[in-house]
Amino acid sequence: MDAQRFRLRISGAVGETLALSLDEVKALGPARTERVTLECAGNGRAGMSPRYPSMPWIFGGVGTAEWTGVPLHRLLDRVGSKPSAKEVAFIGADRGFDSGVEHPFGRSLALPEAQREDVLLAWAMNGQPLAPQHGAPLRLVVPGWFGMASVKWLSAIEVREQPYDGYQQVVGYHYRQRAGERGTPITHAKVKSLMAPPGMPDWYTGRRLVERGRVRVCGRAWSGGGEAVVRVEFAVDGQWRDAQLDAASHPHAWQRWECAWDAEPGEHELACRATDASGATQPATCEWNRAGMGNNAFHTVQVTVR
Ligand SMILES: Nc1nc2c(c(=O)[nH]1)N[C@H]1C(S)=C(S)[C@@H](COP(=O)(O)O)O[C@H]1N2
Ligand SMILES: [Mo]
């Protein structure tokens, strides 16, 4: 998208309809930077069987970045939402088909959620201008939610009195057992942890080869909805122990954890699991759902120690 010609339109149940240039968006108020872990709701889909024919994510559909932008509520305050307003819809510039239905990528949030101080209209990532693949020139960043809420290539905002019925809102992003059933909308990310597998890999199987002796295994843990991770456990062959966990220094960014392991020769299974402040923890296997969403089963790694 051409940043010079870019206009963000805001309309609907507002006092004033606007079309703002990128500079006008930046001038809405002081910039704010948030460190946010964004995870795709489909991360882990490859581990659910039978597998839905979408991106076959294993573990890689997650990352953490510092997003700089202006709180969306400054724009909402500026245009003045009507008392009847209930939701805010965000429409990206990209269009496509899913199951034969043409639609733009659009998502909505309830008004109070959209008014949170940390929901940003972001134009920078890690101190650099937003890259095209991450939504340049402007994207929404919704901390605590799975990635689909953070609409990229943002082109229009609609303040609504009726629920938004876009395809990605009502058909996509639900936990469902069967096609066509109503299901449960996907919102916040779930509690999850990953480890950096120690040693070196056998490429095809992913099994790791580790030298005997003291090994420091480290990883990251996060949760959604602003819940901090309060505990990470690490297991060797099913024997769980507490790992050392860094405090949550940013409310929506993953936390580092580490655990020492005295590796003894043989075949072993390593695992990690996190628990958040609400008490939610990771299951050994995640309940299947049709689109392969929200798989937060333990991360396990098979290791041969020599
Ligand atoms: N306009 C638009 N925004 C979008 C999407 C999209 O397809 N179109 N994908 C969403 C999904 S499913 C995810 S997981 C995140 C990915 O953000 P990233 O590419 O910066 O990692 O963007 C979200 N925003
Ligand atoms: Mo996603």
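We count ligands from 1, going down the list as the structure has it; atoms in each ligand are counted the same way. In this chain, residues are counted from 1 in sequence order.
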(request) May I have the step-by-step check of ring pair (Phe, Tyr, Trp, His ring centres under 6.0 Å) for H299 and F59, ending in yes or no? (result) CA-CA 9 Å; H299 184 196; F59 300 115; 4.2 Å; yes
(request) Answer yes when R241 and E233 have at least one side-chain N-carboxylate O distance shorter than 4.0 Å, and no when they do not. (result)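 Looking at E233 together with R241, the answer is no, because their closest N to O distance does not fall below 4.0 Å.
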List the closest protein heavy-atom neighbour of [atom]: residue, atom name, distance to the nearest 0.1 Å.
{"atom": "atom 23 (C) of ligand 1", "answer": "G147 O, 3.3 Å"}
{"atom": "atom 1 (N) of ligand 1", "answer": "D94 OD1, 2.7 Å"}
{"atom": "atom 7 (O) of ligand 1", "answer": "F105 CD1, 3.5 Å"}
{"atom": "atom 11 (C) of ligand 1", "answer": "M148 CA, 3.7 Å"}
{"atom": "atom 19 (O) of ligand 1", "answer": "K152 NZ, 2.5 Å"}

(request) Answer yes or no for R139 and W67: cation-pi contact, defined as NZ/CZ to six-membered ring centre under 6.0 Å and angle to ring axis within 45°. (result)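 Relative to the ring axis of W67, which defines the angle, R139 lies inside both limits.
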(request) Using the six-membered ring of W261, assess whether NZ or CZ of R214 lies under 6.0 Å from its centre and within 45 degrees of the ring axis. (result)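 No; the conditions do not both hold, so R214 does not lie above the ring face of W261.
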(request) Show your working on side-chain contact (heavy atoms from CB on, under 4.5 Å) between L121 and L75 and close with a plain yes or no. (result) CA-CA 9 Å; L121 297 169; L75 176 56; 4.0 Å; yes
(request) Please answer whether the main-chain N or O of V36 pairs with a side-chain N or O of W222 as donor and acceptor at a distance below 3.5 Å. (result)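 No; judged by distance alone, with no hydrogens or angles, the pair does not exist.
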(message) Just to verify, which of L245, T281, V229 counts as forming a side chain to side chain contact (heavy atoms under 4.5 Å, CB included) with T275?
(response)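 Exactly one option meets the side chain to side chain contact (heavy atoms under 4.5 Å, CB included) with T275, and it is T281.
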(message) If we count only N and O atoms by modelled type, under 3.5 Å, do the side chains of T33 and T68 hold a donor and an acceptor together?
(response)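 There is such a pair between these side chains.
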(request) Could you check which of Q168, H134, R107 puts a non-hydrogen atom nearest to atom 21 (O) of ligand 1? (result)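 It is H134 whose heavy atom sits nearest to atom 21 (O) of ligand 1.
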(request) Could you tell me if any non-hydrogen atom of L38 lies under 4.0 Å from any atom of ligand 1? (result)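 Checking ligand 1 against L38, which is what was asked, there is no heavy-atom contact under 4.0 Å.
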(request) For a side chain to side chain donor-acceptor pair (under 3.5 Å) with S193, tell me which candidate from R273, R220, Q282 qualifies. (result)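 In the set R273, R220, Q282, the residue that makes a side chain to side chain donor-acceptor pair (under 3.5 Å) with S193 is Q282.
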Hey, is [X] touching ligand 1 through its side chain, its backbone, both or neither, going by heavy atoms under 4.0 Å?
{"X": "R139", "value": "side chain"}
{"X": "Y173", "value": "side chain"}
{"X": "A41", "value": "neither"}

Numbered atoms of ligand 1 (with element) below 4.0 Å of [X], judged on heavy atoms:
{"X": "Q133", "result": "19 (O)"}
{"X": "C40", "result": "14 (S)"}
{"X": "S150", "result": "22 (O), 23 (C), 24 (N)"}

